[in-house]
Amino acid sequence: MTNESDRTIAASVDWDAEAARFDEEPDHGLGAPEVRAAWADRLRGWLPGRPADILDLGCGTGSLSLLAAEQGHRVTGVDSSPAMVARARTKLAGRDAVFLLGDAAIPPVGERLFDVVLVRHVLWALPDPARVLRHWRALLRPGGRFVLVEGVWGTVAPVGLPADRLTALLAPLTADVRLERLSEAAVLWGKEVSDERYAVVAAV
């Protein structure tokens, strides 16, 4: 499902212009208490129970970063949009978090510094997901994990990354892959959805 036209769609978006209204989407800004609580609960199950170093790639305005920080984790967020990074820094001011401007595919961080690579709705739009995942794996400490939230969106011209493809890409890189279907959890999206949405938690 991921192809050059998919990436062209993602690359054509002016994310700096989108930053001002990005959080208006229920699952972006997590403004509704029930949506926020649902994502916090999912993260609690996906992230380590002890304080950990989380790398949030394509972090946007930092909504998931904030939830992770509130759960006691140390967060590094990376986004290619200066406006998104600015909003994330404001949102997490005073928290144990740092936000960097950079490419999610090759983030400006060192190897083996993180316990979790957290990515939501980003991998599908990056060139050569297999290569990207290999690079991200090098950023994880031994015993670290991927937490990847992805999907396939649209009915006329669907774009995204099907779950079976992502789990196949992770198989040679990880010791354990757990797939969690999210399409029926309407509270996460602030509405009913009929497309494929899922999370993969994969330990290295």
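Taking hydrophobic clusters as Ile, Leu, Val, Met, Phe, Trp and Tyr residues chained together by side-chain heavy-atom distances below 4.5 Å, Phe146 shares a cluster with Leu123. Transitive grouping of hydrophobic side chains (ILVMFWY, heavy atoms separated by less than 4.5 Å) brings Val117 and Leu179 into a common cluster. Side-chain heavy atoms closer than 4.5 Å link hydrophobic residues (I, L, V, M, F, W, Y) into clusters, and following such links, possibly through other members, connects Leu113 to Leu55.
One finds the OH atom of Tyr198 at 5.5 Å from the CD atom of Glu150 (value rounded to the nearest 0.5 Å). In this structure, Trp136 CH2 and Phe114 CZ are separated by 13.0 Å, a value rounded to the nearest 0.5 Å. Remark: Leu126 CG to Arg131 CZ distance equals 8.5 Å, nearest 0.5 Å. Here the straight-line distance linking atom CZ of Phe99 with atom CZ of Arg87 works out to 14.0 Å at 0.5 Å rounding. Between Arg44 atom CZ and Leu47 atom CG the span is 9.5 Å, to the nearest 0.5 Å.
Between Glu34 and Arg36 there is no salt bridge, since no side-chain N of the basic residue sits under 4.0 Å from a carboxylate O of the acidic one. A salt bridge does not link Lys191 with Asp27: every distance from a Lys NZ or Arg NE/NH1/NH2 to an Asp or Glu carboxylate oxygen is 4.0 Å or more. Salt-bridge check for Glu184 with Arg197: failed, with every basic side-chain N at 4.0 Å or more from each acidic carboxylate O.
A 4.5 Å side-chain heavy-atom check between Leu64 and Leu43 finds at least one atom pair inside the cut-off. Between His135 and Ile106, some side-chain heavy-atom pair lies under the 4.5 Å cut-off. Residues Leu57 and Val122 fail the side-chain proximity criterion, which asks for heavy atoms closer than 4.5 Å. A 4.5 Å side-chain heavy-atom check between Trp153 and Val193 finds every atom pair outside the cut-off. Thr174 places none of its side-chain heavy atoms less than 4.5 Å from the side chain of Asp176.
In this structure, the side chain of Asp79 engages the main chain of Gly60 through a donor-acceptor pair within 3.5 Å. Judged by distance alone, with hydrogens and angles left aside, the side-chain atoms of Arg145 form a donor-acceptor pair with the main-chain N or O of Trp46 at under 3.5 Å.
Below 30°, between 30° and 60°, or above 60°: for Trp189 and His121 the angle between ring planes is below 30°, a parallel geometry. Taking the six-membered ring where tryptophan is involved, the planes of Phe22 and His28 are essentially parallel, since the angle between them stays under 30° and well short of 60°.
Defined by atom type and a distance below 3.5 Å, a donor-acceptor pair is missing between the side-chain atoms of Ser80 and Asp103.
For Glu111, the CD atom sits in a loose shell: 12 or fewer heavy atoms of surrounding residues, nucleotides or ligands are nearer than 6.0 Å.
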